[in-house]
*Asks:* 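The following block contains the structure, expressed as structure tokens.
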Amino acid sequence: QVQLVESGGGLVQAGGSLRLSCAASGRHFSSYVMGWFRQAPGKGREFVAAINGKGDSTDYADSMKGRFTISRDNAKNTVYLQMNSLKPEDTAVYYCAATLSLAVVTGVNEYGYWGQGTQVTVSS
């Protein structure tokens with residue numbers, strides 16, 4: 001069992017940056033693949049980025065490559081999402097998720113644990 005709490009969302013102008021954090025409680029954090037997803041109003045939840053337990057393998061949605069960076073600190077039970085060059089279309093609720101897996105996975109249905117989400121709003 002793991003509980004996830006996101007923070008770091010807010011309002012930012014286009015071209016700006018934000019860093020989201022997700023703090024996990026529970027044991028064996030390094031056994032979990034961690035993912036970030038987002039959901040814009042009226043749209044489905046979409047994959048953003050994921051990282052394996054050791055932190056040496058990552059995957060990104062194509063539209064985020066080069067702008068977003070996922071990382072983790074297993075000593076702090078925390079995963080981060082650094083978001084640069086933000087665009088208005090990045091506006092969404094961002095969710096942290098966890099799953100027990102050896103390999104990075106990207107499907108919404110592959111994650112069993114979810115945070116409550118944090119709002120990111122990018123103004124033009």
*Asks:* Please assess Arg38 against Asp90 for the test side-chain contact (heavy atoms from CB on, under 4.5 Å), listing each intermediate value before the final yes or no.
*Replies:* CA-CA 9 Å; Arg38 70 185 186 184; Asp90 293 318; 2.8 Å; yes
*Asks:* Between atom OG of Ser123 and atom CG of Leu11, what is the distance when rounded to the nearest 0.5 Å?
*Replies:* 5.0 Å
*Asks:* Nearest 0.5 angstrom please: Asn77 CG to Arg27 CZ, how far?
*Replies:* 12.0 Å
*Asks:* Grab the two heavy atoms, one from Arg67 and one from Leu86, that are nearest each other, plus how far apart they are.
*Replies:* NH1-CA, 3.9 Å
*Asks:* For the pair Thr99 and Tyr32, evaluate side-chain contact (heavy atoms from CB on, under 4.5 Å) and give the outcome as yes or no after the intermediate values.
*Replies:* CA-CA 5 Å; Thr99 187; Tyr32 290 85; 5.7 Å; no
*Asks:* For the residue pair Cys96 and Met34, establish whether any side-chain heavy-atom pair is separated by less than 4.5 Å.
*Replies:* yes
*Asks:* Between Arg72 (side chain) and Val33 (backbone), is there a donor-acceptor pair under 3.5 Å?
*Replies:* no
*Asks:* Could you tell me which non-hydrogen atom of Ser101 sits nearest to which non-hydrogen atom of Val105, and how far apart they are?
*Replies:* OG-CG1, 4.0 Å
*Asks:* Return yes if a side-chain donor-acceptor contact under 3.5 Å exists between Asn84 and Ser17, otherwise no.
*Replies:* yes
*Asks:* Are Leu4 and Val104 connected in the hydrophobic side-chain network, where two residues link if heavy atoms are under 4.5 Å apart?
*Replies:* no
*Asks:* Determine, using the 4.5 Å side-chain heavy-atom cutoff (strictly less than), whether Val108 and Val48 are members of one ILVMFWY cluster.
*Replies:* no
*Asks:* Considering all heavy atoms of both residues, which atom of Phe29 and which atom of Val79 are nearest to each other, and what is their separation?
*Replies:* CZ-N, 4.3 Å
*Asks:* Over all heavy atoms of both residues, which pair between Ala92 and Ala40 is shortest? Give the atoms and the distance, please.
*Replies:* CB-N, 3.8 Å
*Asks:* If you measure from CD on Gln1 to OG on Ser25, what distance do you get to the nearest 0.5 Å?
*Replies:* 8.5 Å
*Asks:* Can you give me the closest heavy-atom contact between Val120 and Met83, atom names plus distance?
*Replies:* CG2-CE, 3.9 Å
*Asks:* What is the distance from atom CD of Glu6 to atom SG of Cys22, rounded to the nearest 0.5 Å?
*Replies:* 5.5 Å
*Asks:* I'd like to know if Leu81 and Tyr95 are part of one continuous hydrophobic network [Ile/Leu/Val/Met/Phe/Trp/Tyr, side-chain heavy atoms within less than 4.5 Å].
*Replies:* no
*Asks:* Any ion pair linking Lys65 and Asp62 (charged N to carboxylate O, less than 4.0 Å)?
*Replies:* yes
*Asks:* With distance as the sole test, does Thr118 use its side chain to make a donor-acceptor pair with the main-chain N or O of Gly9 at under 3.5 Å?
*Replies:* yes
*Asks:* Mind checking whether Ile70 and Tyr80 have side chains closer than 4.5 Å, heavy atoms only?
*Replies:* no
*Asks:* Within the supplied structure, the quantity of interest is the number of heavy atoms (other residues, nucleotides, ligands) at a distance under 6.0 Å from Asp56 CG; does it exceed 12?
*Replies:* yes
*Asks:* Gln119 vs Tyr94, test: side-chain contact (heavy atoms from CB on, under 4.5 Å). Steps then yes/no.
*Replies:* CA-CA 6 Å; Gln119 176 70 47; Tyr94 283 71; over 6 Å; no
*Asks:* Looking only at heavy atoms, what is the nearest atom pair of Gln116 and Val5, with distance?
*Replies:* OE1-CA, 3.8 Å
*Asks:* Between atom OG of Ser21 and atom NZ of Lys76, what is the distance when rounded to the nearest 0.5 Å?
*Replies:* 9.5 Å
*Asks:* Does any pair with a residue in residues 33-60 pass ring pair (Phe, Tyr, Trp, His ring centres under 6.0 Å), and if so which ones, sequence neighbours excluded?
*Replies:* Phe37-Phe47, Phe37-Tyr111, Phe37-Trp114
*Asks:* Just how far is it from atom OG of Ser85 to atom CE of Met64, taken to the nearest 0.5 Å?
*Replies:* 13.5 Å
